[in-house]
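Let me begin by presenting the structure, written as structure tokens, before commenting on it.
Lettering of chains follows the sequences in order, A, B, ..., and the numbering in each one begins at 1.
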Number of protein chains: 2
Amino acid sequence: MGSEARTNQDEPDFAELLRGAKLRVTASRLGVLRSLARLSHADAETIASEVTSQLGSVSTQTVYSVLAAFVEAGIVRRIEPAGHPALHELRVGDNHHHIVCRTCGTTTDVDCVVGKRPCLTPSETHGYLLDEAEVTFWGICPGCQERGGTLQSRALLQGA
Amino acid sequence: MGSEARTNQDEPDFAELLRGAKLRVTASRLGVLRSLARLSHADAETIASEVTSQLGSVSTQTVYSVLAAFVEAGIVRRIEPAGHPALHELRVGDNHHHIVCRTCGTTTDVDCVVGKRPCLTPSETHGYLLDEAEVTFWGICPGCQERGGTLQSRALLQGA
DNA sequence: CAGTATTTTAGACTTGTTCCAATCTTGGAG
DNA sequence: CTCCAAGATTGGAACAAGTCTAAAATACTG
């Protein structure tokens, strides 16, 4: 079965994506993109081991610099939930938000709240030149709820 | 001059605040509260040096544990803007948000967006048990705008 | 195919934070 | 007012995430 014709399946997207962003096409970068496509919300270390299992090896530092390049180029979005390592996602451009689990850190996308985006305009900018509004919802994910949510969530939930 | 009658000026508030939260009243804790009242958004190290200048000395670890106790007791709110050390503020209970400067990290309060709080209800919770919605606005503060905003803000602003 | 700019790499290093066990202090009982 | 136990503070080591450097490897251009 044309195992070589299959090359046109998803990698070309990525190579072109890179070229379009004026970034060189390298194995590591394609690997990182492929991992991001699979993992949807991944931290550097997870990506590193994913790419390693694809390509044989990549250094953590390479992953960091590749991700930094992607973020700078605008093809990857980085989110940094308090208390968890930074996560990266391929989806950019649309203004969506995230739900993060207090317990395990699992992160899920949510589309913007009321359809429009009320959160992009604070009542007063206090003179700041705004460029982004970031909305993070905190809670307990279904999985952690089942496994007994009363572990360390008491204090956190009291303010609800 | 009644240098001792002055004790009733602001510390009693704090002592009572502590008692009310079932926390022991100690010099370090009062010092941290006083610093927070002054600094409004402060990281652990800044608080440590503030308290030190008030009391002569406090260890960084004490500040960390005091802050942790306060956060757990619900009298202090901790915010952790990506790329900056965690900040702490005395104001709790009302659901207000923050504007953070990309360049210098200065943080300012903003009242909730449209008056109500549209951000507390995402379109879909994906099964999560939500307890908080956190909104962070990113931009360049007035001060950094003056000092030439084109320093490292280019890449960051491109997505505007 | 060669030259050059860009990537990758390893390893040391920083920064913010937490853990630990020993010591000191607070608030309540007598 | 003194004593005690629970709780608070301390220093030191440890930690994880991420950044910096300079050298070796690789991709794109002509």
Side-chain angles (χ1 to χ4, degrees), chain A residues 11 14-33 35 41-49 51-52 54-73 75-76 78-88 105 152 155, chain B residues 11 14-33 35 41-49 51-52 54-73 75-76 78-88 104-105 107 152 155:
Chain A
E11 294 196 18
F14 293 145
E16 221 153 294
L17 181 61
L18 288 173
R19 279 182 226 281
K22 302 221 181 282
L23 293 171
R24 288 199 176 172
V25 180
T26 67
S28 323
R29 290 180 171 184
L30 291 173
V32 170
L33 286 176
S35 305
H41 294 100
D43 59 68
E45 198 185 324
T46 306
I47 295 171
S49 65
V51 177
T52 296
Q54 279 174 29
L55 305 178
S57 85
V58 239
S59 68
T60 315
Q61 294 82 335
T62 299
V63 173
Y64 275 107
S65 81
V66 166
L67 288 172
F70 287 178
V71 170
E72 175 139 352
I75 61 175
V76 160
R78 165 185 288 150
I79 58 172
E80 299 181 49
H84 300 281
L87 300 175
H88 302 79
Q152 59 237 111
Chain B
E11 293 194 18
F14 293 144
E16 221 152 292
L17 182 60
L18 287 173
R19 279 182 227 282
K22 301 219 182 281
L23 292 170
R24 289 202 177 170
V25 180
T26 69
S28 322
R29 290 178 171 187
L30 291 172
V32 170
L33 286 176
S35 304
H41 295 98
D43 58 71
E45 199 186 308
T46 305
I47 295 170
S49 66
V51 177
T52 296
Q54 279 173 29
L55 304 178
S57 84
V58 239
S59 68
T60 315
Q61 293 82 336
T62 298
V63 173
Y64 274 105
S65 82
V66 166
L67 287 171
F70 288 178
V71 169
E72 175 139 349
I75 62 175
V76 159
R78 166 184 286 150
I79 58 172
E80 301 181 49
H84 300 281
L87 299 176
H88 303 79
C104 69
T107 299
Q152 58 238 110

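A straight line from CG of B:Leu87 to P of C:dT17 spans 9 Å, rounded to a whole angstrom. One can place NZ of A:Lys22 at 18 Å from P of C:dA5, the figure rounded to the nearest angstrom. Protein atom OH of A:Tyr64 is 17 Å distant from nucleotide atom P of C:dG11, rounded to whole Å. Straight-line distance from the CZ atom of A:Phe70 to the P atom of C:dT8: 8 Å, rounded to whole Å. One can place CG of B:Asp43 at 8 Å from P of C:dT17, the figure rounded to the nearest angstrom. Going from atom CD1 of B:Ile79 over to atom C1' of C:dG16 covers 16 Å, rounded to whole Å. We find that CG of A:Leu67 is positioned 13 Å from P of C:dT9, with the value rounded to whole Å. Residue B:Glu72 contributes atom CD, which lies 13 Å from atom P of C:dT18 at whole-angstrom precision.
Here A:Thr26 reaches the OP1 or OP2 of C:dT8: one of its side-chain N or O atoms lies under 4.0 Å away. Applying the 4.0 Å criterion to OP1 and OP2 of C:dT8, one finds that A:Arg24 has every side-chain N and O outside that range. Taking side-chain N and O atoms only, A:Arg29 has a distance below 4.0 Å to OP1 or OP2 of C:dT8.
Using modelled atom types, one finds no donor on one side chain facing an acceptor on the other under 3.5 Å when comparing A:Ser65 with A:Thr62.
Nucleic acid contact for B:Thr62: base, since at least one base atom lies under 4.0 Å from a heavy atom of the residue. Residue contacts shown for A:Ser28 are limited to sugar-phosphate atoms, with no base heavy atom under 4.0 Å away. If you check every strand for non-hydrogen atoms under 4.0 Å, B:Ala86 touches sugar and phosphate atoms only.
Atom CG of residue A:Leu30 and atom CZ of residue A:Phe14 lie 8.5 Å apart, to the nearest 0.5 angstrom. Atom-to-atom distance recorded for B:Leu23:CG and B:Glu72:CD is 9.5 Å, nearest 0.5 angstrom. The CD atom of A:Gln54 sits 11.0 Å away from the OG atom of A:Ser28 when rounded to the nearest 0.5 Å.
Both A:Pro85 and B:Ala27 lie close to DNA chain D; mapped to their nearest nucleotides by heavy-atom distance, the more 5′-ward contact belongs to B:Ala27.
The base of C:dG11 is paired with the side chain of A:Gln61 by a donor and an acceptor separated by under 3.5 Å.
B:Arg29 places a side-chain N or O within donor-acceptor distance of the main-chain N or O of B:Arg24, the cut-off being under 3.5 Å.
Partner of A:Leu87 under the side chain to side chain contact (heavy atoms under 4.5 Å, CB included) criterion, chosen from A:Ile47, A:Ile79, A:Thr46: A:Ile79.
You can see that DNA chain D meets the heavy atoms of chain A within a 4.0 Å-exclusive cut from D:dA17 to D:dC28, reading 5' to 3'.
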